[in-house]
Structures are given as structure tokens and as C-alpha cells.
Amino acid sequence: MFSRPLTPDQRRILDTLNVAAQPMDEMFAVRLERHFGELYEGLTAVYPDPKTMLGPLLEIMRQHYRERPADLKRLDLERTLAKDWFQRPEMIGYVCYTERFAGSFKGVEKKLDYLQSLGVTYLHLMPFLKPRPAPNDGGYAVMDYRSVREDLGTMDDLQSLATKLRQAGISLCCDLVLNHVAQEHEWAVKARLGDPKYQRYFYMFKDRTLPDQYERTLPEIFPDFAPGNFTWDAQAQRWVWTTFNAWQWDLNWANPEVFLEFADLILWLANKGIEVFRLDAIAFIWKRMGTNCQNQPEVHAITQALRAVARIVAPAVLFKAEAIVAPDDLIQYLGQGVHFGLVSDTAYHNSLMVQIWSSLASRDTRLMAQALRGFPSKPYTTAWNTYLRCHDDIGWAIADDDAAAVGLSGEAHRRFLSDYYSGRFPGSQARGLVFQENPRTGDRRISGSGASLAGLEQALEHGDMQGANLALERLLLGYAIVLGFGGIPLLYMGDELALLNDYRYLEEPEHAMDNRWVHRPRMDWAKAHRAQSDPHSIEGRMYHALRHLIAVRKSTPHFHASIEAEILEPKNPHVFAYVRRHPLGNLVALYNFSEEPQYYPLGQLAERGLTQPFDRISAKSIAVSGGLVRLEPFARLWLTQGEG
């Protein structure tokens with residue numbers, strides 16, 4: 001859609017490559033012609049002599065196209081004809097650890113009915129490619145991209161699961177770590193033994209001269225247990241770049257061989273049935289002296305080239321950028337300027353998650369509206385991944401400028417949020433844990449399950465059923481925004497049952513030092529069965545209310561991800577509002593972040609065509625009194641005109 005015609009030089013290069021290669025079928029040839037310009041431009045922006053890469057790269061692509069299973073080629077064709085398949089309101093994501101959800105890949109197969117009952121169409125299984133032995137950063141230290149964890153099954157089991165998921169209408173998402181590999185990976189082992197080819201796969205230095213220069217502008221990701229960004233390897237007699245942990249070696253993407261390796265890996269995994277690649281730590285893959293080595297322009301050129309490779313061989317595949325960065329940087333991962341619409345298809349909307357929890361703590365939506373109203377527009381062919389909780393901690397990404405615009409101190413508000421969600425603030429109902437406190441910067445991130453952060457754990461401990469009711473309402477309010485904001489909503493495993501913090505992580509030596517495991521519980525299948533059979537239980541109320549929200553979303557065309565949510569000026573500081581403009585008419589969403597009833601002017605709705613507002617969630621017309629719409633505590637309304 002966004003490709004430009006081939007330049008004469010690109011045409012000559014492509015013709016030369018086609019003459020030198022063996023014939024390929026017409027579909028491959030058409031897609032190669034269609035995306036060759038994107039591929040070549042991406043490579044040219046990064047590598048000094050991209051022409052030397054094209055022969056080997058094209059052979060990799062041809063090989064995987066020949067080996068691609070027939071059912072996946074049919075899926076390629078279907079999605080080429082329906083490019084918006086992942087933007088539709090029917091898309092519902094679910095995120096879980098395989099072993100904690102169902103034990104193994106075969107166990108997940110047996111739980112497909114549970115996922116389908118929720119309405120799931122997209123399943124992100126947390127890292128399952130073979131990691132180093134613990135510690136392994138929750139699986140993000142991969143030692144073999146072509147094998148899976150032995151406790152989960154085999155690669156054949158994974159392929160079988162992917163097939164059954166696809167037949168059930170569910171796309172499988174895989175974590176693909178781009179920035180680093182485990183020090184036990186074959187490439188790192190050979191580099192440590194002195195193989196010059198593989199030493200060029202990494203950043204290795206004989207002394208501290210260059211590392212010290214880089215360190216001047218590099219942040220520390222894990223200051224508590226992995227300070228600094230370089231590690232001395234005694235066997236290699238080299239300093240190795242290790243952004244995250246000493247046993248995670250950063251890859252040198254300036255080496256074209258690394259690009260070819262990952263092009264091969266992506267296509268190989270795609271042929272196993274992976275439909276979505278979560279590009280982990282993508283912001284870090286390009287290094288430049290004098291910068292923080294994040295979000296460099298070459299990152300987007302590399303992504304464009306990799307995406308073009310996938311579009312030619314396996315166009316059913318999606319790229320999801322795992323980039324938890326500032327909004328102006330984040331939007332680049334969905335494509336701006338020359339990369340518009342040519343890089344990742346989806347990206348995490350971290351700011352939405354942060355602002356939901358911020359407003360739940362403050363009961364004030366003005367900062368939320370200010371921050372989200374200033375968000376850059378994304379390409380209309382892409383989608384946000386919206387979420388309330390994930391496997392990671394919450395970092396309080398509150399911009400000082402946004403805070404100042406609504407009369408707050410950014411530093412003070414971040415401190416308030418850390419205090420509030422760790423339970424230190426007077427009156428707080430939250431039960432979170434402080435993660436990675438940095439005494440130098442004052443940064444404190446928070447771990448905790450959605451339900452415990454919303455106050456359910458504390459309420460149940462005190463036998464406070466009113467508090468428990470309010471906690472469920474907070475959690476449902478958050479998920480109503482996640483489901484109604486636009487994009488692909490991601491449900492984090494256990495939230496549908498309001499599962500609490502799991503402190504048993506302290507009993508597991510490999511987890512005890514990382515309190516993020518407090519919100520990575522094992523699935524409680526007894527509660528899941530009770531939720532389905534007893535709608536009046538705590539878990540049943542959450543489960544059925546969330547299922548209802550999902551069903552309403554799926555039947556509401558206004559939630560198509562090509563449409564942006566237009567944030568409205570707060571007319572009541574406790575109420576968050578936005579409009580989604582659709583050819584069928586506008587939808588206005590209203591959310592009350594207070595424990596008290598609030599009111600919203602009907603005139604604001606009438607200006608957007610809603611003179612007789614109808615709430616799609618309750619399937620009722622909204623009563624209006626004195627020109628005001630009443631919102632009950634923590635109410636969530638998806639309003640359209642009349643009952644149409």
C-alpha cells in the first residue's frame with residue numbers, strides 16, 4: 001500500500017538477481033516485485049554494500065517459500081486480500097506463560113475451549129524458545145532459537161499447537177529477542193573460543209577504552225543486580241556489551257551476517273506456524289557513541305527490511321514492537337516519514353496502561369487526557385496493543401511537561417504513584433511491591449497483579465465486601481478502556497479471574513530475587529471452573545463481566561483499529577472521555593474514575609450526534625436529567641445514537 005515504484009537502479013538489481021536465480025512461482029515473483037524497493041531501501045540505510053547481501057538473502061527467502069506448508073500459503077493469500085484482519089474488533093489477545101497456564105504445549109491444546117469461551121483470537125505464549133539454565137530473565141536469554149524448552153514439549157508439539165490454534169481462529173505470538181542472546185548460544189560459544197567470524201556477531205573489546213566512552217551516556221536497565229553495560233569474559237579475554245544481564249550478550253546488527261541469521265530464523269519459525277513476532281528489546285539493537293543507544297534511526301531501517309522479507313515469503317505474519325519508550329519515539333516503531341506503514345504492524349501502548357493506573361490512584365483524569373491527547377497519530381494500517389497488566393513491572397512514564405500542563409510536578413506525581421501502589425500512601429488499598437528502586441534517580445517501579453493493585457487483596461484480607469466490590473469495579477473499568485480504546489486488547493492471564501499476587505515465588509530460588517514473579521501466577525483452574533459455574537463468586541463476577549465486555553466489543557464496528565480515539569477535554573475531572581468517529585456514526589466512551597456518582601453534560605454528546613445516547617454495554621438508553629448524564633461509581637459507557 002505504501003510502496004513506491006522501483007527506481008531504475010532497483011529494477012536492474014532485481015532483474016539481475018532473477019536471472020541468476022532458479023525460477024520461482026508467480027506468487028513469489030509478484031510479492032518480490034511488490035516489496036523489493038522496501039527491502040533494498042532498508043538495507044541501503046544500514047549496510048555499506050547491500051548488494052552483496054541480496055544473493056544470499058534471496059536464496060534464504062526462496063528456500064523458505066518452497067518449504068512453506070500449503071495451509072499457511074492459503075493463510076498468506078487470505079490476509080493479503082484482507083489486510084485489516086488484525087485491526088478488526090474481533091481481535092482479542094490473551095497473554096500467558098505456557099507452563100503456568102497449562103503445563104505444556106499439549107496442555108494448552110486441551111484448554112482451547114477455555115480460550116474460545118473468552119473470545120480469544122490471539123495467543124501470546126511467553127518465552128518458549130530454549131533459554132539458558134536459570135537465571136535466564138524469564139526466558140529472554142535464548143540459547144537456541146530453533147529449539148523449545150524441553151519441559152514444554154518439542155518443536156513438533158509447538159507446530160501441532162500452532163495448527164490447532166489456527167484452526168480455532170487463534171493466532172500464535174512468539175517472543176523473538178533481537179538485541180541479545182544467552183552467552184551459551186552457539187554464536188557466543190564460538191566467539192568465546194576465538195572464532196573471528198562470530199566475534200563480529202557481538203561487541204567485544206580488548207580494554208575499557210571504548211566501553212568507558214559509551215558508558216558516559218548509557219542508562220542502567222537493572223541497576224540492582226546488573227549494574228553497567230559491559231562484562232569481562234575471562235575465556236575470551238574481552239569486554240562484552242551486555243545491556244541487560246552479564247549472561248545476555250548484545251548482538252552487532254551492523255554486521256550483515258546477523259541480519260541474514262534473523263531473516264532465516266523469522267521465516268523458519270513462520271513456517272512452524274508462528275503468526276506474530278514480538279520483537280523483544282528492539283529499541284536497543286543499534287549502538288551509537290554519545291547516545292543512550294536506543295531508538296536509533298537504523299532500528300527502523302532494519303525493521304523495514306525484515307518486514308519486507310516476511311511480506312514476500314510469509315505475508316500472514318505480523319510484527320509487534322516491544323518498545324517501552326516515550327511517545328515521540330514509540331510512534332516511529334509503527335512508521336513515520338519514509339518508514340510510514342512499513343515497519344511494525346503493532347506496538348504496545350504503554351502510556352495508556354500507565355495513565356489508567358495513575359487516574360485510578362488520583363481519581364483525576366486531567367493528566368490522562370493531557371498525555372493521550374498529545375499522542376502522535378499512528379499509520380491507519382497499524383494497531384496499538386492495549387493492556388492493563390503484563391508480565392513486567394510498571395514504570396511510571398509520566399512526562400514532566402504533561403504533569404506541568406495540569407498543575408502537577410512530574411517528580412512528585414511519580415513518587416505519589418510509587419507510594420500509592422506499594423501501599424505506603426495513607427488510604428491506599430493497593431498491594432504492590434517496589435521493583436528496582438534507584439536511589440540516585442528516585443525511580444521506583446511496581447510489581448503486582450491487576451486485582452491486588454486494584455485493592456482486592458486488601459479487601460478480602462479484611463473481609464470488606466464493599467471494598468472487594470469496588471476493587472472489581474476498578475479492574476473492570478481498566479479493562480473497559482483497554483477493550484474500547486482501539487487496537488488489539490491483551491488480557492493478562494488470571495485477570496479474567498481477578499487472581500491476586502502469588503507470593504510463592506519467594507519459595508523458588510530462581511525467582512526469589514525478582515519480585516515480578518509475584519504477578520506471574522499459576523493458573524487456578526479450580527477458580528476458573530467456579531467462575532464459569534458460579535457467576536456470583538468473586539472470580540465469576542469478573543469472568544462474566546469481562547466476557548460480556550468482549551462480546552459487546554466484537555459487535556461494535558466503531559472499535560476497528562484504523563480509527564483513532566479522539567480524547568475529549570475533561571468536563572468533569574473524574575470522567576475520562578473520547579470519541580471514535582465511524583461512518584455508522586460516532587461512539588463516545590465515558591469512564592468514571594471515582595467511587596462517587598459523577599455527571600457529564602449531554603451537550604457534549606449532542607455535539608457529536610448523540611442526542612439520544614444508547615449504552616452498548618448495558619444495552620439501555622441513558623437517562624438524562626437536567627441536561628446531565630449520571631455515571632455510577634466506576635461506570636463505563638460506550639455510547640452511540642439510539643438503539644441502532
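The analysis underlying the following values was restricted to heavy atoms, covering all of them including side chains, and did not include hydrogens, waters or symmetry mates.
Partners of Gln87 by side-chain hydrogen bond (donor to acceptor under 3.5 Å, both in side chains), not counting sequence neighbours: none found. Evaluation of the side chain to side chain contact (heavy atoms under 4.5 Å, CB included) rule for Pro135 yields Arg132, Trp247 as partners, not counting sequence neighbours. For Asp49, the side-chain hydrogen bond (donor to acceptor under 3.5 Å, both in side chains) test picks out no residue, with sequence neighbours left out. For Glu507, the salt bridge (charged side-chain N to carboxylate O under 4.0 Å, His left out) test picks out no residue, with sequence neighbours left out. Applying the salt bridge (charged side-chain N to carboxylate O under 4.0 Å, His left out) criterion to Lys197, with sequence neighbours excluded, gives no partner residue. Evaluation of the salt bridge (charged side-chain N to carboxylate O under 4.0 Å, His left out) rule for Glu496 yields no partner, not counting sequence neighbours. Listed by chain and number, the residues in a side-chain hydrogen bond (donor to acceptor under 3.5 Å, both in side chains) with Arg149 are Glu99, Asp151 (sequence neighbours excluded). When the side-chain hydrogen bond (donor to acceptor under 3.5 Å, both in side chains) test is applied to Asn515, the partners found at least two apart in sequence or on another chain are Ser447.
Met27 CE: 12 or fewer foreign heavy atoms inside a 6.0 Å radius. In Arg74, the CZ atom is not crowded: 12 or fewer heavy atoms of neighbouring residues, nucleotides or ligands sit closer than 6.0 Å.
The ring pair (Phe, Tyr, Trp, His ring centres under 6.0 Å) pairs that include a residue from residues 114-133 are Phe105-Phe128, Tyr114-Trp525, where partners are two or more places apart or lie in different chains. Among residue pairs with one or both ends in residues 246-273, those qualifying as salt bridge (charged side-chain N to carboxylate O under 4.0 Å, His left out) are Arg146-Asp264, Asp250-Lys287; sequence neighbours excluded. Sorted by first and then second residue, the salt bridge (charged side-chain N to carboxylate O under 4.0 Å, His left out) pairs involving residues 233-246 (not counting sequence neighbours) are Arg192-Asp233.
Looking at Ile302 and Ile282, their side chains never come closer than 4.5 Å, going by heavy atoms from C-beta outward. In this structure the side chain of Leu334 reaches within 4.5 angstrom of the side chain of Lys378, judged on heavy atoms. Looking at Pro379 and Gln336, their side chains come closer than 4.5 Å, going by heavy atoms from C-beta outward. Using a 4.5 Å heavy-atom cutoff, the side chains of Thr52 and Leu54 are not in contact. Using a 4.5 Å cut-off on side-chain heavy atoms (C-beta onward), Leu115 and Phe101 make contact. Side-chain contact between Leu251 and Val181 is present, with heavy atoms from C-beta onward closer than 4.5 Å. Residues Gln116 and Val120 fail the side-chain proximity criterion, which asks for heavy atoms closer than 4.5 Å. Considering only heavy atoms from C-beta on, Phe244 comes within 4.5 Å of Asn179 through its side chain.
In this structure, CD1 in Ile60 is found 5.0 Å from CG in Leu260, a value given to the nearest 0.5 Å. For the atom pair CG of Leu14 and CD of Glu33, the computed distance is 6.0 Å after rounding to the nearest 0.5 Å. With values rounded to the nearest 0.5 angstrom, Thr243 atom OG1 is found 6.5 Å from Trp241 atom CH2. Atoms CD1 and CG, on Ile92 and Leu123 in that order, are 13.5 Å from each other to the nearest 0.5 Å. The CG atom of Leu32 sits 8.0 Å away from the CG atom of Leu39 when rounded to the nearest 0.5 Å. Between atom CG of residue Asp207 and atom CH2 of residue Trp232 there is a gap of 9.0 Å, rounded to the nearest 0.5 Å.
Under 4.0 Å is where a charged nitrogen must lie from a carboxylate oxygen, and between Asp393 and Arg445 at least one such pair does. Between Asp175 and Lys320 there is no salt bridge, since no side-chain nitrogen of the basic residue lies less than 4.0 Å from a carboxylate oxygen of the acidic one. In this structure, Glu67 does not pair ionically with Lys73, as no charged nitrogen and carboxylate oxygen lie closer than 4.0 Å. A salt bridge is defined here as a Lys NZ or Arg NE, NH1 or NH2 lying under 4.0 Å from an Asp or Glu carboxylate O, and Arg520 with Asp502 fails to meet this definition. Under 4.0 Å is where a charged nitrogen must lie from a carboxylate oxygen, and between Asp495 and Arg389 no such pair does. The pair Glu508-Arg522 meets the salt-bridge criterion, with a side-chain N (NZ, NE, NH1 or NH2) lying under 4.0 Å from an Asp/Glu carboxylate O.
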Pair Asp25, Tyr65 - check side-chain hydrogen bond (donor to acceptor under 3.5 Å, both in side chains), show working.
CA-CA 10 Å; Asp25 76 20; Tyr65 181 80; 2.9 Å; yes
Residues Arg166, Leu75; criterion side-chain contact (heavy atoms from CB on, under 4.5 Å); working and verdict:
CA-CA 9 Å; Arg166 188 163 58 255; Leu75 186 67; 3.7 Å; yes
Check against ring-ring contact (aromatic ring centres under 6.0 Å, His included), Tyr348 and Tyr387:
CA-CA 8 Å; Tyr348 288 102; Tyr387 61 107; 5.5 Å; yes
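A donor-acceptor pair shorter than 3.5 Å cannot be found between the side chains of Thr121 and Glu90. When only modelled atom types and interatomic distance are considered, Asp157 and Thr154 share a side-chain donor-acceptor pair under 3.5 Å. Judged by distance alone, the side chains of Asn229 and Glu215 do bring a donor and an acceptor atom under 3.5 Å apart.
Aromatic ring pairs are classed by plane angle as parallel below 30°, tilted from 30° to 60° and perpendicular above 60°; the pair Phe205 and Phe230 is perpendicular. Between Tyr40 and Phe36, the two ring planes are parallel [angle under 30°; tilted spans 30° to 60°].
The two residues Met493 and Cys96 have their closest heavy-atom pair at CB-CB, 3.6 Å. The minimum heavy-atom distance linking Pro133 with Met143 is given by the pair CD-SD, 4.4 Å.
Distance alone, capped at 3.5 Å, is enough to place a donor-acceptor pair between the Glu220 side chain and the Gly228 backbone. The backbone N or O of Leu499 sits less than 3.5 Å from a side-chain atom of Ser449, completing a donor-acceptor pair. Of the possible donor and acceptor atoms, one in the side chain of Thr291 sits under 3.5 Å from a partner among the backbone N and O of Arg288.
In this structure, Tyr145 has its ring center under 6.0 Å from that of Phe262. In this structure, Tyr203 has its ring center no closer than 6.0 Å to that of Trp249. Taking the six-membered ring for Trp, Tyr333 and His300 have ring centres closer than 6.0 Å. The ring of Trp253 has its center no closer than 6.0 angstrom to the ring center of Phe284.
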Only pairs under 3.5 Å count here: list side-chain donor-acceptor contacts from residues 303-319, not counting sequence neighbours, and write none if there are none.
| unit_1 | atom_1 | unit_2 | atom_2 | d |
| --- | --- | --- | --- | --- |
| Thr303 | OG1 | Val299 | O | 2.8 |
| Gln304 | OE1 | His339 | ND1 | 2.7 |
| Gln304 | NE2 | Glu38 | O | 2.9 |
| Arg307 | NE | Val343 | O | 2.9 |
| Arg311 | NH1 | Val317 | O | 3.1 |
| Arg311 | NH2 | Asp345 | OD1 | 2.6 |
| Arg311 | NH2 | Asp345 | OD2 | 3.4 |

